[in-house]
Undergrad: 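Below is a structure I'd like to ask you about.
For ligands, and for the atoms within them, numbers begin at 1 and follow the listed sequence.
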Amino acid sequence: MKYDLHNHTHYSPCGNIKPELLLKLVKKKGMDGIAVTDHHTIKGALKVKKLNKNKDFEVIIGDEVSTNYGDVLTYYLQEEIKSREFFSVVDEVKKQGGLIVIPHPFRTSINPTLKFRYPIEKIKDKIDAIECFNARMIFQSDNKKAQELAKKLNIAGTGGSDAHFRFDIGRAYTLFEGDLRKALKHNKTRYNGTILFGPLSGTFSFLRKRIFKNITD
Ligand SMILES: [Zn+2]
Ligand SMILES: [Zn+2]
């Protein structure tokens, strides 16, 4: 199975993909399923699910919640998550039978508030996976760090495009056999993709080392 597990529709303030187009393009990219993870709403996900008429294509209803520790991806929701406090979010999701994934844990940003701040020892037993390939990373090394962390914690890794625009869709994905929940639980997923700034990444890396070192490291 090949799923893109991180996508935004125009129900996210920063996204501009209509649910109809997202569903069409993600199928065209050869995916067998998708997680729709808008910021703080499941409206777009519900629309995509309703539009999908193919029983063999799975639409996972989720969202991306900004918590006190950073972003949290949620999957298999029945209703919207109200809390913004990490452990309360976990409780709300688990009550609904959902899953918790930490997206882009090492994203480089010139905004220092977006630095890594998940207290991993405290939260590692609460999470179901770590997003190990996010296609919107500027640096492949940020995905590498996430991959190393998942390996160290012996926890499953996922891949997702984090699509906000139509050209992002399907740029990263998760591969597994059978059922996604089981594959995550037994650490049997794989992931792959291409980063948006791939060809420019070397140049960015060089500049980062020279200019942004204090901000990003
Ligand atoms: Zn995010
Ligand atoms: Zn996102």
Side-chain angles (χ1 to χ4, degrees), residues 3-19 21-23 25-26 29 31 33-48 59-77 80-81 83-86 89-90 93 98-120 123 126-143 145-147 149-150 157-174 191 193-197 216:
Y3 282 24
D4 183 345
L5 286 177
H6 190 161
N7 290 276
H8 296 269
T9 71
H10 69 107
Y11 284 90
S12 290
C14 48
N16 82 345
I17 312 168
K18 290 211 168 91
L21 187 67
L22 178 60
L23 186 65
L25 291 182
V26 81
K29 290 271 177 178
M31 301 293 151
I34 185 179
V36 185
T37 53
D38 281 312
H39 295 287
H40 304 138
T41 178
I42 60 170
K43 287 195 184 85
L46 290 171
K47 275 225 157 151
V48 174
V59 178
I60 298 169
I61 296 176
D63 73 359
E64 186 171 19
V65 187
S66 312
T67 75
N68 49 319
Y69 292 152
D71 289 347
V72 170
L73 282 180
T74 69
Y75 298 147
Y76 297 108
L77 294 186
E80 264 162 32
I81 300 302
S83 180
R84 302 292 175 256
E85 195 278 324
F86 182 86
V89 170
V90 171
V93 173
L99 301 178
I100 300 270
V101 178
I102 299 298
H104 48 64
F106 296 99
R107 172 171 59 184
T108 290
S109 171
I110 52 170
N111 176 354
T113 64
L114 292 178
K115 273 177 76 168
F116 182 83
R117 57 204 165 101
Y118 303 90
I120 216 68
I123 68 167
K126 306 281 181 196
I127 61 181
D128 298 288
I130 291 173
E131 185 182 66
C132 289
F133 203 109
N134 177 300
R136 283 170 64 90
M137 293 295 98
I138 302 175
F139 307 108
Q140 192 59 279
S141 57
D142 293 345
N143 282 326
K145 282 187 214 163
Q147 290 158 22
L149 179 65
T158 62
S161 64
D162 204 354
H164 286 68
F165 303 97
R166 59 182 296 161
F167 55 80
D168 295 328
I169 298 168
R171 291 184 74 98
Y173 47 85
T174 307
Y191 40 78
T194 49
I195 58 171
L196 186 57
F197 299 103
T216 57

Undergrad: Determine the interplanar angle of the F165 and F167 rings, folded into 0 to 90°, and report it as parallel if under 30°, tilted if 30 to 60°, perpendicular if over 60°.
TA: parallel

Undergrad: Salt bridge or not between K43 and D38? Use side-chain N to carboxylate O under 4.0 Å.
TA: no

Undergrad: Strictly under 2.8 Å of the Zn ion (ligand 1): which protein N/O/S atoms qualify?
TA: E64 OE2, D71 OD2, H104 NE2

Undergrad: Just jot down the side-chain contact (heavy atoms from CB on, under 4.5 Å) partners of A129, sequence neighbours excluded, or say none.
TA: V101, A156, T158, L184

Undergrad: Determine the interplanar angle of the H39 and H8 rings, folded into 0 to 90°, and report it as parallel if under 30°, tilted if 30 to 60°, perpendicular if over 60°.
TA: parallel

Undergrad: Which N/O/S atom belongs to H8 and is the closest one to the Zn ion (ligand 2)?
TA: NE2

Undergrad: Just jot down the side-chain contact (heavy atoms from CB on, under 4.5 Å) partners of K29, sequence neighbours excluded, or say none.
TA: M31

Undergrad: Does Y3 have any side-chain hydrogen bond (donor to acceptor under 3.5 Å, both in side chains) partners at least two apart in sequence or in another chain, and if so, which?
TA: E58

